[in-house]
Amino acid sequence: MREPGDRNWPDHEVDEFLDQIAAGGQDYRRLVERLPVIVYASELGEQGRWRYVSPQVEELLGYTAEEFKGDPGLWARLLHPDDRLRALEIESEEYLGNRNTSPIEYRMRTRSGKVVWMLDEAVLEADESGVPVWHGVLYDISERKNAEADLQRALSQQAVVAKLGERALQNGDPDSLMRAATSLIGEIDGVHSACIWEVGRDGRRLNLRAGLEDEVVGAGRRVSAARDSHAGAALDSGAATIVSEWSDEKRFTMPPVLRALGAASSLAVMIDGKDHPFGVLDVHATEPHRFSPKDVPFLQAAANVLADAFERHAADQALRHRVLHDSLTGLPNRLSFVDALGDALRRATASGSPVGILFLDLDHFKLLNDSLGHHAGDALLRAVASRLRAHLRPGDLVARFGGDEFEILIDRLADEEEALAIADRVAAAFAQPFSMEGVEHFFSASIGIAVARNSEQRTVNAELLIRDADAAMYRAKENGRARCVLFDAEMRAGALQRLEVERELRHALDRDELALHYQPVVNLRTGEVTGVEALVRWQHPARGLLDPADFVSIAEDSGLIEPIGRWVQERACRQALAWHEERPDSRPLDVAVNLSARQVAHRDLPATVAEIIARTGIDPAHLRLEITENVLVEESATAIASLETLNEIGVRLVLDDFGTGYSSLAYLNRFPFHALKIDRSFIDALGIEQERTAIVEAIIGMARALSLDVIAEGVENEVQLAELRRLGCDSAQGHLFHAAMPEAEISRLLGEGTLDYSGISPLR
Ligand code: C2E
Ligand code: MG
Ligand code: MG
């Protein structure tokens, strides 16, 4: 038995039917009533009487043929309100006798409340008594209509997903994307509204992040859904959750806000995330049964677009955070500090209030790192970071520039006095000891302060201000550390000059403006010149001959000391060899060159020296490298390794300016030194100041015990010389013998054989 509503009525059955109708046989009625259609005859008009309707009508609409026949207004009452006018339009005599009336489609409501689509194909003809009667057939076309509607819906859903995907690629912030998503989805036919819920931190509730903007009255009010709602279920199961009819819903509680909008049905899907789900996307309709499993792929696709976008945004944020922060302390790094300082300076131009920065460098940090290890160093940096934050106002910015350098930005400053007061407060952060591996250590910091006022003539930019604070910090170090120094006009002039010198120094090597002067080193027992110290000079085109004090520290800061140092070494070695060639019978002179801390800190130093030895062919035993004490304190980890290697190469290491730094003879034996050079400040006092003379005596005694040669520098008079000889000092240099002199001059003296001090008064 065929059911009414089957779509296809096979052709052969149609033919059979038509044949039988044509035959007008007994079976006419039976046939009509077997058809998968409703055949009817009804009088014209909304209230027209139904003379006949085949019984299939009951299966389709839930009302019997008898009910139709007995209730003339029933058909019109069952018309869907939206289609009613259209369907009633043809109830007019003008169609009488027109055999080509076109079929119309409309919806009807069945007894159970379901909506079905009908195709009504009829002709209006008058009966014998002239009453116009429709003779027609009603087909159930719901399936086709639904398929069409589904297709339409799928197309509009796809369009929404495509638009959303495009929107997501614009890389806006997640909030605006979420708002765009809910408004796009809310435009789909039949969808009243869409919402995005985010799982709360505690995981217990879902908080509304987008959608229902009109329903959520009172801005800032938090709207949430309970975990036992449909949204919570979607989240827990990871599967789509459909509520067909909220009024019948037993499984889930309805979020109050949905009640406010009058939701009758809903569909929710999860928005997933890489580590944990982000939340839920749901849609609501004011009609029941609006959502079916067919809608799930669409909504899930939209949710996935959102999930991807959130993921991308989170990755971007993480990357941005990494780029702008220091990973060890979590503080902003140089990049973000410069940015923030730039902003503050721009604001200051408008507001007129000064901006200050503090440049803070821990004192003796390297010593800690080397003695207690990097873990301790890292722990200290983290502890310092949190102390600094605690000692500042909430609006002040603390950044780490790397190493043991911290910068602090003080926005809206009254004056320099206030900046100094804040610096003192920051310094007070070091009043308490830091506990490292159970032991308490005290640390201090050197702080440079620079303040920018917009009244100043020069335009202050961030980099310039940082450089000023840096220079002030260096001054604090020079003045003995553990103090605050405010950058002033004099330092500014100095800083500017340094910049200028650095610029010129870059060309000094190419332009052959550097030269070496040599000072003889005299053996105090024999009076013989056993070596020379090479001292660099700069023949400045405008300023004349410059001493190392005028440019070496600039060369160190700028890194230029590396190429300059290589030049000095090579030049000195070649000169020593040239002198030896001129006097092949004399013992070769030892040649000493000075190394800066920066050169010693450089891993490549041994390789550089080895290369110069190989290139020049000098005997390494005649090359002396002079290193000052602070090198050992600041850089000992790398330095020890380099010094060991240099010692293996065979060069002699000399500890220069001994006594000016940490004066600890105790750690001398940790380094492979051949000799130490007592600083001029001790020699000055020799024979005049009892105490210093005693120190020199102790130094010489200790050096002996460690098998180190002792050299005295800055010997200017006979008294000093006598004292040194009395104390058993091995060698000396100084103006008493000869000041440092240009290459040509010392070459001449050596050639003449007049550079000799064997006439110095014999010992005792
Ligand atoms: P230094 O290595 O301690 O060199 C000794 C300094 O004392 C030299 O000054 C020398 O001219 C000076 N001097 C020598 N005898 C006397 C004396 O009797 N009385 C007085 N008052 N001074 C005396 P100079 O040449 O100005 O060098 C200063 C410093 O510059 C050197 O101290 C050294 O640390 C550095 N330096 C010189 N040349 C180089 C170089 O090629 N590379 C590096 N990195 N540093 C260098
Ligand atoms: Mg020296
Ligand atoms: Mg010296």
Side-chain angles (χ1 to χ4, degrees), residues 505 508-509 513-522 529 531-540 544-576 590-602 605 608-609 612 623-631 635 652-661 673-686 709-721 723-724 729 731-743 745-746 757:
L505 193 54
L509 268 179
E513 292 170 359
L514 295 185
L516 288 184
H517 282 199
Y518 296 89
Q519 181 173 45
V521 179
V522 180
V529 172
V532 291
E533 177 175 6
L535 295 156
V536 71
R537 296 290 182 269
W538 179 12
Q539 186 64 54
H540 188 278
L545 191 68
L546 300 183
D547 284 338
D550 299 322
F551 64 93
V552 164
S553 82
I554 296 170
E556 285 168 352
D557 289 349
S558 61
L560 286 169
I561 196 66
E562 304 277 349
I564 292 176
R566 281 194 298 272
W567 178 86
V568 167
Q569 285 171 49
E570 180 151 359
R571 178 82 176 201
C573 289
R574 290 199 188 285
Q575 188 56 60
D590 294 327
V591 63
V593 296
N594 295 281
L595 293 184
S596 301
R598 186 167 174 145
Q599 290 171 273
V600 179
H602 205 295
L605 177 68
T608 307
V609 172
I612 287 166
L623 178 59
R624 297 177 165 228
L625 300 181
E626 299 194 0
I627 294 157
T628 56
E629 248 178 320
N630 57 0
V631 168
E635 292 288 346
R652 300 283 157 84
L653 301 174
V654 178
L655 188 58
D656 203 352
D657 301 343
F658 187 79
T660 53
F673 284 108
H674 175 81
L676 62 82
K677 205 179 242 194
I678 304 173
D679 191 65
R680 197 168 71 223
S681 56
F682 289 91
I683 308 304
D684 279 348
L686 267 185
D709 272 3
V710 182
I711 307 158
E713 68 179 342
V715 181
E716 291 181 346
N717 57 48
E718 298 284 353
V719 178
Q720 293 161 355
L721 174 64
E723 279 297 292
L724 287 168
C729 180
S731 315
Q733 54 189 106
H735 293 171
L736 176 65
F737 306 107
H738 216 295
M741 61 196 123
E743 223 163 62
E745 189 176 342
I746 189 169
Y757 304 94

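Both ligands and their constituent atoms are indexed starting at 1 by order of listing.
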Enquirer: Restricting to N/O/S, name the atom of Glu533 that gets closest to the Mg ion (ligand 2).
Expert: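 That would be atom OE2.
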Enquirer: Answer with side chain, backbone, both or neither: which part of Asp656 has a heavy atom less than 4.0 angstrom from an atom of ligand 1?
Expert: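 The answer is the side chain.
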Enquirer: Of the listed options (Ile683, Asn717, Val536, Leu516), which comes nearest to atom 39 (C) of ligand 1 when hydrogens are ignored and any heavy atom counts?
Expert: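 The nearest heavy atom belongs to Val536.
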Enquirer: Got Val522 and Ser731 here, is their nearest side-chain heavy-atom distance under 4.5 Å?
Expert: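 A side-chain contact is absent here, since even the closest heavy-atom pair is not under 4.5 Å.
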Enquirer: Between CG of Asp590 and CG of Asp709, what distance do you get to the nearest 0.5 Å?
Expert: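 Between atom CG of Asp590 and atom CG of Asp709 there are 9.5 Å.
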Enquirer: Where the closest heavy atom to atom 34 (O) of ligand 1 is concerned, which of Ile564, Leu535, Asn594 has it?
Expert: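 Looking at heavy atoms only, Asn594 sits closest to atom 34 (O) of ligand 1.
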Enquirer: Tell me whether Glu533 has any N or O atom under 3.5 angstrom from an N or O of ligand 1.
Expert: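 For ligand 1, there is an N or O atom that lies under 3.5 Å from one belonging to Glu533.
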Enquirer: Below a 4.0 angstrom heavy-atom separation, can you tell me which part of Glu713, side chain or backbone, both or neither, approaches ligand 1?
Expert: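 It is the side chain that touches ligand 1; the backbone stays farther off.
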Enquirer: Name of the Glu626 N, O or S atom nearest the Mg ion (ligand 2)?
Expert: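 That would be atom OE1.
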Enquirer: Are any of the side-chain heavy atoms of Val536 and Val552 separated by less than 4.5 Å?
Expert: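 Side chain of Val536 against side chain of Val552, heavy atoms only: contact under 4.5 Å found.
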Enquirer: Is Arg680 touching ligand 1 with its side chain, its backbone, both, or neither, if touching means heavy atoms under 4.0 Å apart?
Expert: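 Just the side chain.
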Enquirer: Closest by any non-hydrogen atom to atom 23 (C) of ligand 1: pick that one out of His735, Lys677, Met741.
Expert: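 Answer by nearest heavy atom: His735.
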Enquirer: Considering only heavy atoms from C-beta outward, does the side chain of Glu743 approach that of Gln575 to under 4.5 Å?
Expert: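 Yes - at least one pair of side-chain heavy atoms lies under 4.5 Å apart.
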Enquirer: Which residues satisfy the side-chain contact (heavy atoms from CB on, under 4.5 Å) test with Glu723, sequence neighbours excluded?
Expert: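 Partners of Glu723 under the side-chain contact (heavy atoms from CB on, under 4.5 Å) test: Leu686, Thr693, Arg726.
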Enquirer: Which ligand 1 atoms does Glu716 reach within 4.0 Å, using its non-hydrogen atoms?
Expert: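 So the atoms of ligand 1 that pass are 17 (C), 18 (O), 19 (N), 20 (C), 21 (N).
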Enquirer: Does Arg537 have a non-hydrogen atom less than 4.0 Å from ligand 1?
Expert: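 The answer is yes, since Arg537 has a heavy atom less than 4.0 Å from ligand 1.
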Enquirer: I'd like to know if the Mg ion (ligand 2) has an N/O/S atom from Asp657 within less than 2.8 Å of it, counting both backbone and side-chain atoms.
Expert: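 So Asp657 does not count as coordinating the Mg ion (ligand 2).
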Enquirer: Please could you name the atoms of ligand 1 that Gly734 approaches to less than 4.0 Å, counting only its heavy atoms?
Expert: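 Answer, ordered by atom number: 15 (N), 18 (O).
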Enquirer: Look at Arg574 together with Glu570 and state whether they make a salt bridge at an N to O cut-off of under 4.0 Å.
Expert: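 Counted as a salt bridge, because a side-chain N and a carboxylate O are separated by less than 4.0 Å.
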Enquirer: Mark up the atoms of ligand 1 that fall under 4.0 Å of a heavy atom belonging to Gln519, in ascending order.
Expert: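 Result: 14 (C), 15 (N).
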Enquirer: Applying a heavy-atom cut-off of 4.0 Å, say which part of Gln599 lies close to ligand 1: side chain, backbone, both or neither.
Expert: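 The part of Gln599 near ligand 1 is the side chain, not the backbone.
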Enquirer: For ligand 1, is there an atom lying under 4.0 Å from some heavy atom of Gly714?
Expert: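 So Gly714 counts as touching ligand 1.
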Enquirer: Kindly indicate whether the side chain of Leu514, heavy atoms from C-beta on, has any atom under 4.5 Å from the side chain of Leu509.
Expert: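 SC-SC contact between Leu514 and Leu509 confirmed.
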Enquirer: For the Mg ion (ligand 2), what is the closest N, O or S atom on Asp656?
Expert: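 Nearest to the Mg ion (ligand 2) within Asp656's N, O and S set: OD2.
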Enquirer: Salt bridge or not between Asp657 and Lys677? Use side-chain N to carboxylate O under 4.0 Å.
Expert: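 Result for this pair is no, no salt bridge flagged.
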Enquirer: Does a side-chain heavy-atom distance below 4.5 Å link Leu623 with Ile612?
Expert: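 No. Closest side-chain heavy atoms not under 4.5 Å.
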Enquirer: Is Asn594 close to Leu535 at the side-chain level, that is, under 4.5 Å between some pair of heavy atoms?
Expert: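 Yes; the side chains approach each other to less than 4.5 Å.
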Enquirer: Are any non-hydrogen side-chain atoms of Gln599 and Ile561 less than 4.5 angstrom apart?
Expert: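 Touching, per the 4.5 Å side-chain cut-off.
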Enquirer: Verify whether one side chain among Glu533 and Gln733 offers a donor that lies under 3.5 Å from an acceptor in the other.
Expert: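 Gln733 and Glu533 do have a side-chain donor-acceptor pair below 3.5 Å.
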Enquirer: Non-hydrogen atoms of Glu556 versus ligand 1: any pair closer than 4.0 Å?
Expert: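 Not so, Glu556 does not reach ligand 1.
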Enquirer: Out of curiosity, is Val593 lining ligand 1, as in a heavy atom under 4.0 Å away?
Expert: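 It does not; every heavy atom stays at 4.0 Å or beyond.
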